[in-house]
Amino acid sequence: MKRILAVMGSPRKNGNTHILVSRVIEGAQAGGAVVDELFLGDLTIRECDGCHACWKGKDCSKDDDMCAIYTKIIQSDVIIFGTPVYWYGPTALMKAFIDRLVYFNCPENRQKIKGLSAALAVPFEEDDPETARGVIEFFRKSLAYLEIKLLGQIIVLGVGEKGAIRSKSQSLQQAYVLGRELA
Ligand SMILES: Cc1cc2nc3c(=O)[nH]c(=O)nc-3n(C[C@H](O)[C@H](O)[C@H](O)COP(=O)(O)O)c2cc1C
């Protein structure tokens with residue numbers, strides 16, 4: 001049984017990212033996975049300031065919600081990263097979350113996420129697939145650096161209004177199938 005952590009990086013609940021990631025979750029649960037959801041907007045995750053306490057065997061100096069999330073990440077088999085495109089990058093919520101993954105950048109902590117995999121879910125408004133290039137590269141390179149295998153991604157263009165993604169039945173079906181594959 002796979003343990004999946006779904007990280008919602010849009011501040012908009014019931015928005016396009018939430019709907020898209022929820023479809024991935026449905027597929028994963030249908031495949032027998034246990035899924036834990038995180039809404040980054042509900043949490044306090046401060047910026048990493050590069051103090052490197054975590055590399056010296058100490059707890060993170062920020063002492064915020066991320067400290068409990070490190071344990072959740074370590075206990076997971078797969079992380080689903082969901083973020084809309086904000087100015088050709090991820091949201092600030094998601095960027096702060098990824099910055100704090102520097103915790104896993106020392107040998108002692110890196111081995112705690114050995115075998116971890118990931119998937120990516122990205123909606124955005126423009127009709128040009130190139131719009132998501134920066135976000136995809138950001139995740140591709142960051143995850144590769146952390147030795148986290150990117151198993152799949154679902155990118156949905158042309159959705160601006162809250163809930164607009166509901167009309168993209170083919171994309172939502174692909175999201176469901178991705179979830180089944182993750183499980
Ligand atoms: C601050 C901000 C920046 C955005 N930047 C872009 C952008 O660069 N390109 C784009 O296609 N859409 C952009 N959008 C639109 C969102 O990607 C789009 O509305 C998306 O569906 C929002 O997902 P959500 O409902 O999960 O929040 C932006 C939206 C906001 C609020």
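Just so you know, these numbers come straight off a predicted model, no measurement behind them. Order of listing sets the numbers, starting from 1, for every ligand and every atom in it.
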Exercise. Would you please write out the protein residues whose heavy atoms approach any atom of ligand 1 to under 4.0 angstrom, listed by chain and number?
Key: Ser10, Arg12, Gly15, Asn16, Thr17, Pro84, Val85, Tyr86, Trp87, Tyr88, Pro123, Phe124, Glu125, Glu126, Thr131, Val159, Gly160
Quiz prompt | Asp77 side-chain N/O to Arg3 backbone N/O, donor-acceptor pair under 3.5 Å | solution = yes
Quiz item: Is it the case that Tyr88 and Glu130 place a side-chain donor and acceptor less than 3.5 Å from each other?
Solution: no
Exercise. Please state whether the rings of Phe139 and Phe81 are parallel, tilted or perpendicular, taking 30° and 60° as the class boundaries.
Key: tilted
Quiz item: Taking the six-membered ring of Phe39, is the NZ or CZ of Lys13 close enough (under 6.0 Å from the centre) and on axis enough (within 45°)?
Solution: yes
Self-check item: Any donor-acceptor N/O pair, Tyr176 side chain to Ala28 backbone, under 3.5 Å
Solution: no
Practice problem: Treating Ile, Leu, Val, Met, Phe, Trp and Tyr as nodes and any side-chain heavy-atom pair under 4.5 angstrom as an edge, say whether Leu120 and Phe138 lie in one connected cluster. | Solution: yes
